Each structure stands twice: as C-alpha cells, then as structure tokens.
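Everything numeric in this text was worked out from a predicted model, so none of it was measured. Order of appearance sets the numbers: ligands from 1, and atoms from 1 within every ligand.
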Amino acid sequence: MSRPFYIIGFMGTGKSSLKRYLETTNQVIDLDEVFERRYGTNIATYFACHGEEAFRQRETELLRTVSADFIVTGGGVVERAENLEWMLHNGTVVALDLPFETCWERIRHSDRPLVKRGKDSVKALYERRRPLYAQAHLVMDASLGTMAIADELYRLKEENK
Ligand code: S3P
C-alpha cells in the first residue's frame with residue numbers, strides 16, 4: 001500500500017465530513033473510531049474515567065497500528081511531538097485550517113471533553129496547537145469546503161502513486 005495521508009486539524013475543522021466524503025471511494029480510517037471500538041467506550045466517557053493522559057497514551061499507541069489510504073486523526077494527536085514526527089516520517093500530513101470562531105461555533109454544543117472546559121480554554125488550546133498543525137506537509141484552508149479539499153487530496157494521491 002502507498003504511504004497514507006494523515007489528516008490533522010483542530011476540532012471543528014471538518015475532518016469528519018472529509019472522512020465521510022473520502023470513504024465513498026477510498027480506504028479511510030478514523031483514529032477516534034478505532035479508539036472507541038478498541039476500548040468499547042466513547043471518548044468522552046474514557047476521558048471522564050481515565051483522564052486525558054491515558055487517552056493520549058492509547059491514541060499514541062493506536063496511531064502506530066493503523067494503515068489506510070487516508071487516516072483521519074483526532075485534533076489532539078499533535079499534543080505528542082512523537083506523533084507528529086511519526087506521521088511526517090511515514091506519510092503525507094495534511095492539516096485543515098479554519099479560524100477559531102468558526103471551529104468554536106461548530107463544536108460548542110458537542111460532547112467533546114475538552115469543550116467542557118469553556119471557550120477561553122479551548123481558544124488557548126487552539127493558539128498553542130496552531131504552530132503544531134502548521135508543521136504539516138500541506139496546510140489547507142478548510143473554508144474551501146469538503147469537496148474541494150477531497151478533490152485536491154485525490155489529485156495528490158494519484159501524483160504520489
Ligand atoms: C480531541 C479531539 C477529538 C477527540 C478527543 C480529543 C482534542 O477529535 O480525539 O475529544 O484533543 O482536540 P476531533 O478533532 O475529531 O473532534
């Protein structure tokens with residue numbers, strides 16, 4: 001199999017919509033879904049029972065076990081420098097980028113555990129992570145929309161063959 005594309009980006013940048021679009025014609029893995037299947041619980045419950053550090057450790061382990069044309073990651077995968085290094089070394093890393101306010105409007109009513117910490121805290125997280133996402137091979141403006149991004153990814157995939 002060719003090297004995967006890793007899709008990274010903050011919560012609310014549209015990774016899941018992109019996943020749904022890509023998977024109509026490609027092999028796609030969503031790391032959060034792999035996590036929930038593997039641990040038999042949703043991420044919010046896992047956070048509540050075991051804490052964020054335990055989640056990061058499991059997420060780091062799982063990242064090394066998955067392979068597919070496209071691997072969609074949770075927004076916090078970049079929290080561990082070793083994960084970013086792994087993805088940059090093993091595939092093509094594509095970051096989806098959107099302004100904070102747009103992300104916030106999309107996620108504020110979700111059950112994501114970090115969102116419960118409130119807007120200021122999530123904004124600080126966004127600012128802190130932005131330079132990490134920027135280390136991707138390619139940063140895409142997510143306001144272009146899912147279809148345009150998917151088309152560009154298909155093109156890159158063909159080019160990489
Ligand atoms: C997280 C993002 C979530 C999920 C978990 C932690 C984060 O994924 O992995 O709640 O730290 O940003 P999405 O980016 O798909 O919401």
for atom 11 (O) of ligand 1, nearest protein heavy atom and its distance come out as Arg56 NH2, 2.6 Å
Could you check whether the rings of Phe100 and Trp104 sit parallel, tilted or perpendicular, using 30° and 60° as the cut-offs? parallel
Residue, atom name and distance, where the atom is the protein heavy atom closest to atom 2 (C) of ligand 1: Gly75 N, 3.4 Å
Below 4.0 angstrom from a heavy atom of Phe55, which ligand 1 atoms are there? Numbered from 1 as shown, please. 9 (O)
The salt bridge (charged side-chain N to carboxylate O under 4.0 Å, His left out) partners of Asp30 (sequence neighbours excluded) come to none
Check this for me - ligand 1, Thr73, N or O atoms closer than 3.5 angstrom, yes or no? no
Would you mind finding which of Ile43, Thr13, Ile7 brings a heavy atom closest to atom 5 (C) of ligand 1? Ile43
Using heavy atoms and a threshold below 4.0 Å, how should the contact between Pro113 and ligand 1 be classified: side chain, backbone, both, or neither? side chain
Glu59 N/O under 3.5 Å from ligand 1 N/O: no
How far is atom 7 (C) of ligand 1 from its nearest protein heavy atom, and which residue and atom name does that atom have? Gly76 N, 3.3 Å
Would Arg56 and Glu82 pass as an ion pair if we require N to O under 4.0 Å? no
Under a 4.0 Å threshold between the charged nitrogen and the carboxylate oxygen, would Glu105 count as salt-bridged to Arg108? yes
Looking only at heavy atoms, is any part of Leu114 under 4.0 Å from ligand 1, and if so is it the side chain, the backbone, or both, or is it neither? side chain
If the threshold is 4.0 Å, N to carboxylate O, is there a salt bridge linking Glu33 and Lys19? yes
In terms of ring plane angle, is the pair Phe10 and Tyr133 parallel, tilted or perpendicular, where the classes change at 30° and 60°? perpendicular
Mind checking whether Glu79 contacts ligand 1 via backbone (N, CA, C, O), side chain (CB onward), both or neither, at a 4.0 Å heavy-atom cut-off? neither
Which distance, rounded to the nearest 0.5 Å, do you find between the CD1 of Ile29 and the OH of Tyr6? 9.5 Å
Quick check for you: to the nearest 0.5 Å, what is the distance between Asn160 atom CG and Thr92 atom OG1? 5.0 Å
Which residue and atom name correspond to the protein heavy atom nearest atom 16 (O) of ligand 1, and how close is it? Arg112 NE, 2.6 Å
Run the salt-bridge test on Arg58 and Glu61 with the 4.0 Å N-O cut-off and return the result as yes or no. yes
Check each atom of ligand 1 against the heavy atoms of Lys15 and keep those under 4.0 Å away; list them by number with element. 13 (P), 14 (O), 15 (O)
In terms of residue, atom name and distance, what is the protein heavy atom nearest to atom 12 (O) of ligand 1? Arg129 NH1, 2.7 Å
If you have a sec, work out which protein heavy atom is nearest atom 4 (C) of ligand 1 and how many Å separate them, to one decimal? Asp32 OD2, 3.4 Å
